[in-house]
Amino acid sequence: MSTLLEVRGLTVELPTAAGWVRPVNEVSLRIGAGESLGLVGESGSGKTMLSLALMGLLPLGARVSGEASLATKTSTKKLTVLSEREWRDVRGAEIAMVFQEPMTSLNPVMRIGAQVEEAIRAHQPKLPGNEVKRRAIDALLRAAVPEPEARAEQFPHQLSGGLRQRAMIAMALAAGPRLLIADEPTTALDVTVQKQILDLLDGLRRELQLGLLFITHDLGVVAQVAERVAVMYAGRIIEEGPAREVLARPLHPYTQGLLKASPTLKRGALTPIPGTVPQLTALPPGCAFEPRCHLRLAECTATVPAFRLIDSDHAARCILI
Ligand code: SF4
């Protein structure tokens, strides 16, 4: 499988009144063409900031170090050094994003079709109007929007939540990106619609050989769409491996805690992880999970645990493994 995205030691620092903080801390990951990686963690773990770094959408004043390379249709581009002008050719055409709540991402006063057409025109401004329209309808059809010609004439508020998310997926894929970042795309949907959107994304990934970075706090969702899983905590990847392996045999106490806190039909009462994700301005020394970990030892506060490979492709960051 050819590598599409390669991230090595990526760090994002933001200025705060209390000094610089690192919402993304030496993150490394890889996504191949047609491969799906689920990025899991609680709110505040750094998932969204990582995706914004990969889209070149970081807040003003952010400092970035490390590497992120994307194999585009024509060459390999180093995302961390692109100028805003260069980003305009990459964003949408090579790497696109679907957000959590389509109602806040879609323009409420523009018809759906016009919004998809705009995404196409941004990268192919010389395309004739009728061809843009045809491609927009095709994109809606590919995203399984029923009666796409009729839906293209409607405004976002006239569509259901599921159809709005399909329209967002159509917009994201309209310019033919090779990598799709989906940031909690089903959180605002009810369970049956959620399953349809997950099936749609999975089908599109296989059909178009898309790389898919699927961000979620829900391990049940990961089990449905991801081949590999990376678990993030306080800005770092603390476990990574094949989805089946990580979900069946989690190595890190945090991943084990997330699984125990996930609802299933078999499991009765849920066991929440005590405490909350630490503030980036007040990270504990050593392992950031230490204050919440029921297995902690005195030495856990000495240094940040190394990322240790257990099997050929399953690794975690804990001194006990
Ligand atoms: S390093 Fe220590 S505190 Fe951190 S997860 Fe492992 S056992 Fe728990």
Side-chain angles (χ1 to χ4, degrees), residues 1-8 10 24 27-41 45-48 50-55 68-73 79 92 94-100 142-144 165-166 168-173 175-187 189 191 193-232 237-250 255 258-259 262 311-316:
M1 191 186 297
S2 60
T3 299
L4 205 54
L5 177 74
E6 174 105 52
V7 177
R8 279 200 201 155
L10 187 70
V24 177
V27 165
S28 297
L29 52 88
R30 177 194 167 279
I31 300 178
E35 188 184 29
S36 56
L37 175 73
L39 187 62
V40 186
S45 59
K47 309 181 303 289
T48 295
L50 172 60
S51 65
L52 293 178
L54 296 177
M55 287 291 291
S69 325
L70 181 73
T72 69
K73 290 161 197 133
L79 300 179
E94 303 287 352
I95 176 167
M97 193 157 172
V98 177
F99 295 92
Q100 182 177 134
R142 192 182 290 134
Q165 197 53 290
R166 286 175 194 275
M168 281 297 300
I169 292 169
M171 275 174 70
L173 297 182
R178 305 186 75 206
L179 179 72
L180 183 67
I181 300 176
D183 189 0
E184 307 260 13
T186 57
T187 304
L189 304 173
V191 178
V193 180
Q194 177 174 314
K195 174 82 172 77
Q196 291 167 8
I197 296 291
L198 295 179
D199 288 347
L200 173 68
L201 286 170
D202 198 46
L204 289 168
R205 170 179 69 82
R206 290 167 198 272
E207 180 194 332
L208 306 173
Q209 279 298 289
L210 277 175
L212 179 64
L213 177 60
F214 196 101
I215 297 173
T216 180
H217 62 275
D218 186 338
L219 283 167
V221 165
V222 159
Q224 292 181 61
V225 288
E227 293 167 303
R228 297 185 59 76
V229 179
V231 182
M232 213 167 165
I237 304 282
I238 52 97
E239 180 158 1
E240 193 194 340
R244 219 175 267 181
E245 178 70 20
V246 172
L247 298 179
R249 279 173 290 281
T255 317
L258 283 180
L259 274 164
S262 297
D311 295 326
S312 58
D313 55 0
H314 189 179

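For Arg244, the salt bridge (charged side-chain N to carboxylate O under 4.0 Å, His left out) criterion is met by no residue, not counting sequence neighbours. Residues that satisfy the side chain to side chain contact (heavy atoms under 4.5 Å, CB included) test with Ala68, not counting sequence neighbours, are Val7, Leu54, Leu79, Thr80. Annotation: salt bridge (charged side-chain N to carboxylate O under 4.0 Å, His left out) contacts of Arg30 (sequence neighbours excluded): Glu35. For Asp183, the side chain to side chain donor-acceptor pair (under 3.5 Å) test picks out Thr48, with sequence neighbours left out. Residues forming a salt bridge (charged side-chain N to carboxylate O under 4.0 Å, His left out) with Glu239 (at least two apart in sequence, or on another chain): none. Residues satisfying the side chain to side chain contact (heavy atoms under 4.5 Å, CB included) criterion with Asp199, sequence neighbours excluded, are Lys195.
Of all non-hydrogen atoms in Val222 and Gly38, the two that sit nearest each other are CG2-CA, 4.4 Å. Shown here for Thr72 and Arg178, the closest heavy-atom pair between the two residues is O-NH1, 3.3 Å. In plain terms, the two heavy atoms of Val98 and Pro185 that are nearest each other are CG1-CB, 4.1 Å. Across all their heavy atoms, Asp202 and Val225 have their closest contact at OD1-O, 4.1 Å. The minimum heavy-atom distance linking Ala53 with Leu10 is given by the pair CB-CD2, 4.2 Å. Smallest separation of non-hydrogen atoms from Gly92 and Ala175: O-CB, 3.6 Å.
Judged by distance alone, with hydrogens and angles left aside, the side-chain atoms of Arg205 form a donor-acceptor pair with the main-chain N or O of Gly34 at under 3.5 Å. In this structure, the side chain of Lys47 engages the main chain of Gly41 through a donor-acceptor pair within 3.5 Å.
With respect to Thr186, the side chain to side chain contact (heavy atoms under 4.5 Å, CB included) criterion is satisfied by exactly one of Val191, Val193, Leu198: Leu198.
The distance from atom OG of Ser69 to atom CG of Leu5, rounded to the nearest 0.5 Å, is 8.0 Å. One finds the CD atom of Glu207 at 6.5 Å from the CZ atom of Arg142 (value rounded to the nearest 0.5 Å). From Met97, atom CE reaches atom CE of Met168 across 9.5 Å, with rounding to the nearest 0.5 Å. Taken to the nearest 0.5 Å, the CD1 atom of Ile95 stands 11.5 Å off from the CG atom of Leu210. Distance check, rounded to the nearest 0.5 Å: OG of Ser36 to CZ of Arg206 gives 7.5 Å. Rounding to the nearest 0.5 angstrom, the gap separating the CG atom in Leu4 from the CG atom in Leu37 is 12.0 Å.
Between Arg228 and Leu29, the closest side-chain pair of non-hydrogen atoms is not below 4.5 Å. With a 4.5 Å cut-off on side-chain heavy atoms, Leu200 and Gln165 do not count as touching. Side-chain contact between Val246 and Val40 is absent, with no heavy atoms from C-beta onward closer than 4.5 Å. The closest side-chain heavy-atom distance from Arg166 to Ile197 is below 4.5 Å.
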Step by step, would you call Leu180 with Leu201 a side chain to side chain contact (heavy atoms under 4.5 Å, CB included)? CA-CA 9 Å; Leu180 183 67; Leu201 286 170; 3.8 Å; yes

